[in-house]
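Everything numeric in this text was worked out from a predicted model, so none of it was measured. First the proteins, then the strands, lettered A, B, ... as listed; each starts at 1.
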Amino acid sequence: MRIYNSLTRRIEEFIPNSDKEVTLYTCGPTVYNYQHIGNLRMYIFEDVLEKTLRYLGYNVKRAMNITDVGHNVGDVDVGKDKMFAAKEREGKTALEIAEYYTEVFKKDCEKVNIKWPDIVKNATGEVEKYIDIISRLLEKGYAYESNGNIYFDISKMPNYYELSGKNQEDLMIAKREDVDIDENKRNPFDFVLWFTSSKFKDQELQWDSPFGKGYPGWHLECSAISIKYLGEYLDIHTGGVDHIFPHHTNEIAQSEAYLGHKWCNYFMHGEFLNDLTGKMSKSKGDFLILDTLINKGYNPLEYRYYCLLSHYRNQLPFSYEMLDNATTSYRKLRNRVLSLKQEGVFNEEYFNIYQNKFKVAISDDLNTSNALTIVHNLLKDETVNDITKIKIIGDFDKVLSLDLLKRETIEEGFKKYIQQKIEERNEAKNNKNYELADKIRRELEEKGIILKDTKEGTIFELK
RNA sequence: GGGGCUGUAGCCAAGUGGUAAGGCAUGGGACUGCAACUCCCCUAGCAUCGGUUCAAAUCCGUUCAGCCCCUCCA
């Protein structure tokens with residue numbers, strides 16, 4: 001398995017810490033709103049990663065956080081807690097809102113065949129661990145108190161900028177005008193581990209701690225959950241490219257300062273789904289969710305296919321024109337697969353040849369585009385019989401999860417009805433009563449049944 | 001202003017030194033009562049300029065364009 005490692009900015013051979021188990025950590029959703037389809041693209045990439053590792057024979061233990069706490073509203077710091085804004089919007093408590101959107105997220109995952117990680121933890125449930133980490137960082141001198149808050153002292157971490165590819169001087173020149181300056185810090189890039197005094201006065205969730213009543217700096221959640229549930233040595237950490245700095249940079253600093261050794265060997269970052277104005281973002285207020293696509297008549301797996309068509313490290317534009325392309329392509333592919341007959345003798349040699357091709361593609365930094373090409377090529381390959389093709393595609397679908405072999409079942413009574421209608425139509429056709437024949441075809445189509453006139457007679461399919 | 005990433009046919013997209021995969025759309029053809037489905041055939045020289053090389057979409061540099069990040073969103 002070769003993967004692009006953001007730490008070294010190179011494609012590297014993946015070598016796990018232990019040959020027994022690969023530990024994988026995913027930055028989870030902030031559940032103050034729906035996940036948009038761009039968020040979902042990230043989770044699809046991570047799902048493919050987990051399934052690929054399993055496909056290649058690794059045992060995978062994967063954890064993810066659910067950020068069920070307040071943050072600032074939007075990419076622009078407008079000084080209002082995100083949960084609080086959502087609460088105002090819907091008249092619920094922060095935790096009720098979080099619970100609601102967590103459920104929605106879970107269902108979205110099911111719809112696009114994303115396997116729910118083994119370990120999923122709420123950020124608010126792990127405060128004890130955050131306090132433990134902060135206490136040790138204070139003891140070791142990596143953290144300091146200033147005006148009521150506890151800060152991480154980045155000057156103690158010589159490799160602080162490793163992941164970001166930045167350096168302090170560059171950041172110093174930074175000129176963003178929409179950011180407040182925190183005068184309490186020793187170094188402008190120190191970050192907060194615990195707040196007792198915050199510019200957000202109406203923070204709903206607060207906890208008692210040795211440092212005073214307050215709440216954690218939420219970079220801690222990923223470090224804490226990962227270390228607590230996956231151990232001190234993490235193999236792969238994933239997230240979006242926007243996490244690189246400062247979120248993952250800070251995670252590394254606090255985790256390694258806490259542990260006293262190297263923490264995670266591989267960081268993988270997924271690129272964005274862009275709309276016409278750029279990154280699709282919740283804070284813009286106007287974003288697409290999966291249910292919108294479903295309501296427009298798209299199958300969620302058509303969106304998964306759309307994502308697999310491109311590489312996770314490339315920005316992917318979204319438009320309905322492109323989605324229609326992907327949809328047609330997916331439907332054709334599925335049709336072709338479903339028309340394969342359970343005939344012939346399974347040929348293990350071809351199975352191995354194709355499985356190997358697939359492994360080469362998918363283990364090359366998750367080249368899903370090439371993996372799909374192999375499926376297309378397989379279908380065109382006349383030397384491979386149907387039964388073998390079915391077996392091979394079933395094998396590939398462990399990673400692709402496109403339900404390529406799944407047949408929609410039709411109720412027996414309905415089947416009889418359709419069969420009867422087909423006979424009526426055939427009779428009409430024989431009598432050259434095409435008007436009636438077309439009418440029957442149209443009526444069935446309205447019920448979701450597509451008729452196909454083949455050489456062997458008329459067959460039907462679900463739309 | 002700084003750092004990072006990207007730019008391949010009408011639309012996506014693979015390919016990272018040896019002469020442009022694949023999909024969708026379009027056009028042509030087979031099939032059909034007409035369609036749909038299915039099948040067959042056809043379509044690019046890789047943003048720009050310059051350099052390295054026997055050889056570049058692939059390496060180096062320039063310009064242009066787009067996107068991401070830059071001290072309490074994770």
**Q** Between B/C5 atom P and A/Leu163 atom CG, what is the distance in whole Å?
**A** 13 Å
**Q** Expressed as a whole number of Å, how far does the P atom of B/C11 sit from that of B/C69?
**A** 27 Å
**Q** Taking the P atom in each of B/G50 and B/A56, what is the distance between them to the nearest angstrom?
**A** 14 Å
**Q** Should the side chain of A/Arg441 and the base of B/A35 be counted as holding a donor-acceptor pair, with the cut-off at 3.5 Å?
**A** yes
**Q** Without decimals, in angstroms, what is the distance between A/Leu316 CG and B/C67 P?
**A** 15 Å
**Q** Pick the P atom in B/C49 and in B/U58, then give their distance to the nearest Å.
**A** 13 Å
**Q** Within the pair A/Asn370 and B/A13, is there a side-chain N or O less than 4.0 Å away from OP1 or OP2?
**A** no
**Q** Return the nearest nucleotide to the side chain of A/Phe195; candidates are B/C72, B/C5, B/A14.
**A** B/C72
**Q** Given the C1' atoms of B/G27 and B/A9, what is the spacing between them in whole Å?
**A** 15 Å
**Q** Please tell me if A/Lys185 has a side-chain N or O lying less than 4.0 Å from either OP1 or OP2 of B/C72.
**A** yes
**Q** Mind checking A/His243 for me? I need base, sugar-phosphate or nothing, with any heavy atom below 4.0 Å counting as a touch.
**A** base
**Q** Check every strand shown and say whether A/Leu333 touches a base, only sugar-phosphate, or nothing at a heavy-atom separation below 4.0 Å.
**A** nothing
**Q** OP1 or OP2 of B/G15 less than 4.0 angstrom from a side-chain nitrogen or oxygen of A/Asn367, does that happen here?
**A** yes
**Q** Without decimals, in angstroms, what is the distance between A/Arg9 CZ and B/U16 C1'?
**A** 18 Å
**Q** With a 3.5 Å cut-off and heavy atoms only, can you find an N or O donor on one side and an acceptor on the other between the side chain of A/Gln315 and the base of B/C67?
**A** yes
**Q** Counting side-chain heavy atoms from C-beta on, which of B/G15, B/G22, B/G33 comes nearest to A/Asn377?
**A** B/G22
**Q** Would A/Lys296 count as a cation-pi partner of A/Tyr320, with NZ or CZ less than 6.0 Å from the six-membered ring centre and within 45° of the ring normal?
**A** yes
**Q** For B/G4 and B/G15, measure between their P atoms and round to the nearest Å.
**A** 23 Å
**Q** Report yes if at least one side-chain N or O of A/Lys380 is closer than 4.0 Å to OP1 or OP2 of B/G23; otherwise report no.
**A** yes
**Q** For the CD atom on A/Glu435, are there more than 12 heavy atoms of other groups (residues, nucleotides or ligands in this structure) within a distance under 6.0 Å?
**A** no
**Q** Please tell me if A/Lys429 has a side-chain N or O lying less than 4.0 Å from either OP1 or OP2 of B/A35.
**A** no
**Q** So, is B/G45 syn or anti if syn means the angle is within 90° of 0?
**A** syn
**Q** Donor-acceptor pair under 3.5 Å: do we get one between A/Arg331's side chain and the base of B/C24?
**A** no
**Q** A/Arg425 near the nucleic acid: base, sugar-phosphate alone, or nothing, with a heavy-atom cut-off under 4.0 Å?
**A** base
**Q** May I ask you to say what A/Asp324 touches in the nucleic acid, namely base, sugar-phosphate or nothing, with a heavy-atom cut-off under 4.0 Å?
**A** nothing
**Q** At under 4.0 Å between heavy atoms, what does A/Asp438 touch on the DNA or RNA strands: base, sugar-phosphate, or nothing?
**A** base
